Amino acid sequence: MSTNERATRALRDILQNPGNDVCADCGAPDPSWGSCSLGVFICLACSGIHRNIPDVSKVKSLSLSHWEDHEVQFMAENGNELMKSKYEAAVPVYYYKPTHKDCQVLKEQWIRAKYERKEFTEPGKAFTYEEGIRDRLLMKRGRDNGQFLSRRFVLSVREGTLKYFTKYDAKEPKAVIKVASINATFQPEKIGNPNGLQITYLKDYSTRNIFVYHDNGKEIVDWLNSIRAVQFHYLKVAFPGATDVELVPKLTRNFLKEGYMEKTGPRQTEGFKKRWFTLDHRRLMYFKDPLDAFAKGEVFLGNMDHGYSFSPGLPAGTHCNGAWQHGITIETPDRSFLFTCETESDQHDWLKHFNDVLSATMSPQDFTMEALLKHRH
């Protein structure tokens, strides 16, 4: 047996140790790379990020690279769980830990924060996300012209607000947004920038979208975690008896699903029109364009026990003028909504998500949101 075959077999055995069966950084299954300087097993995607910080991490393929005996021994002595206890010893509970499904900038800044900046190795360390006020410039997409222009954003813990100003020295903000109502999620493909962040909030009972980016990856990820830190602070005050595990799901979240469907109007005699749909928790919003500032409409999805239901297909006799034939019907206490999907697989995916949402128990906040949206109508 050659030296490298022996090393490969030894590494395969070390992979069986608890925690080594998933990527140390994003949780992807079956890692095929390792950092022989950090002692962690990682996936191919994260290995590319590690390769960009050569002073910190030296990566090798578990099966294709040559491993020295002392490197294999180092991997055996360390591994994902031990290194997690070192490099993730003091991660704030509100910090967004990316998964393998998240975008590049989130994963890169998580990896750099852990190993390069060593942000989470010492308990009690002050975090940039917990500054009382964050006052910086971001590039914001214009609501009407679609141009990205530099705008001043101010996040305040004391006020619990996010404000933005059209001019840096303006006395009055263009908008004052309650942080409790904000959702923020990275949307690089939609926005057309690898650091693109979508911020949504309710304005006059309608969903408002703001699209921003910053050229510096650390800066934009710091904004996300700063928003989450302020939200967490207010949730701790509002729900003093709640555990951290109960509060974290109430922070910013990724959309459950987005994509195009066709829909018809309330009389169901109008033609089906193509719209961009976003499913955010219990709110199904639709837009003429994915980058529209305001939703053209939204559907609240409650619980099946409260008059909400869904089914594949369209009611008998529905005139479907569009090219898309894979129908979905959603029934609410007020009306029914008819949609069509381009493919059967897309229809099944939407139906799965609708089933998950309508099957889940409604929280007090969900009932409040239901009442708010009914008030608008």
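Note that the structure is a prediction, hence the values are computed from the model and not measured.
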Report task. Evaluate the criterion salt bridge (Lys or Arg N to Asp or Glu O under 4.0 Å) for residue pair Glu262 and Lys274; output intermediate values, then yes/no. Result -> CA-CA 4 Å; Glu262 292 182 338; Lys274 186 177 176 182; over 6 Å; no
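- Crowding of Glu131 atom CD: a count of heavy atoms from other residues, nucleotides or ligands under 6.0 Å exceeding 12.
- Shown are Lys114, Lys84, His100, Lys107; of these, the side-chain hydrogen bond (donor to acceptor under 3.5 Å, both in side chains) with Asp25 is made only by Lys114.
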Under 3.5 Å, which donor-acceptor pairs link side chains of residues 161-175 to any protein atom two or more places apart or in another chain?
from   : atom 1 : to     : atom 2 : distance (Å)
Thr161 : OG1    : Glu159 : OE1    : 3.3
Lys163 : NZ     : Glu159 : OE1    : 3.0

Query raised in the report: How far apart are the C-alpha atoms of Lys86 and Glu81, what are their side-chain angles, what is the distance that settles it, and do they pass the salt bridge (Lys or Arg N to Asp or Glu O under 4.0 Å) test?
Result: CA-CA 9 Å; Lys86 175 183 178 180; Glu81 286 202 348; over 6 Å; no
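- Of the candidates Trp350, Phe272, Tyr260, Phe277, Phe339 forms a ring-ring contact (aromatic ring centres under 6.0 Å, His included) with just one, namely Phe277.
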Requested in this report: Walk me through it: do Lys236 and Asp244 pass the test salt bridge (Lys or Arg N to Asp or Glu O under 4.0 Å)?
Outcome: CA-CA 8 Å; Lys236 293 287 276 188; Asp244 291 350; 3.0 Å; yes
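- Test Leu15, Asp21, Asn20 against Asn17 for side chain to side chain contact (heavy atoms under 4.5 Å, CB included) and you get one pass: Asn20.
- Trp33 and Val72 fall into different hydrophobic clusters, defined by Ile, Leu, Val, Met, Phe, Trp and Tyr side-chain heavy atoms under 4.5 Å apart, directly or through other members.
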Report task. Step by step, work out the salt bridge (Lys or Arg N to Asp or Glu O under 4.0 Å) result for Asp13 and Arg9. Result -> CA-CA 6 Å; Asp13 290 340; Arg9 181 170 292 182; over 6 Å; no
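- Counting only heavy atoms from C-beta outward, the side chains of Leu62 and Thr8 never approach each other to under 4.5 Å.
- Using a 4.0 Å cut-off between charged nitrogen and carboxylate oxygen, Lys97 and Glu88 count as a salt-bridge pair.
- Salt-bridge check for Asp222 with Arg136: failed, with every basic side-chain N at 4.0 Å or more from each acidic carboxylate O.
- Centroid-to-centroid, the aromatic rings of Phe153 and His214 stay 6.0 Å apart or farther.
- Across every non-hydrogen atom of Glu68 and Lys60, the tightest pair is N-NZ, 4.4 Å.
- Between Glu258 and Lys190, at least one side-chain N (NZ, or NE/NH1/NH2) sits under 4.0 Å from a carboxylate O, which counts as a salt bridge.
- Side-chain contact, Asn209 with Thr200: no donor N or O sits under 3.5 Å from an acceptor N or O.
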Report task. Walk me through it: do Gln104 and Ile49 pass the test side chain to side chain contact (heavy atoms under 4.5 Å, CB included)? Result -> CA-CA 9 Å; Gln104 179 79 358; Ile49 299 170; 3.5 Å; yes
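- Side-chain atoms of Ser57 never come within 3.5 Å of backbone atoms of His50 as a donor-acceptor pair (strictly under, hydrogens ignored).
- A donor-acceptor distance shorter than 3.5 angstrom exists from the side chain of Ser85 to the backbone of Leu82, with no hydrogens or angles considered.
- One finds no salt bridge joining Glu116 and Lys218 here, because no Lys/Arg side-chain nitrogen approaches an Asp/Glu carboxylate oxygen to under 4.0 Å.
- Proximity of a side-chain donor or acceptor of Asp346 to a complementary backbone N or O of Cys341 within less than 3.5 Å is not detected.
- For the pair Arg253 and Phe255, the NZ or CZ position fails the cation-pi test of under 6.0 Å to the six-membered ring centre and within 45 degrees of the ring normal.
- Between Phe120 and Tyr95, the distance separating the two ring centers is shorter than 6.0 angstrom.
- Between Tyr94 and His233, the distance separating the two ring centers is not shorter than 6.0 angstrom.
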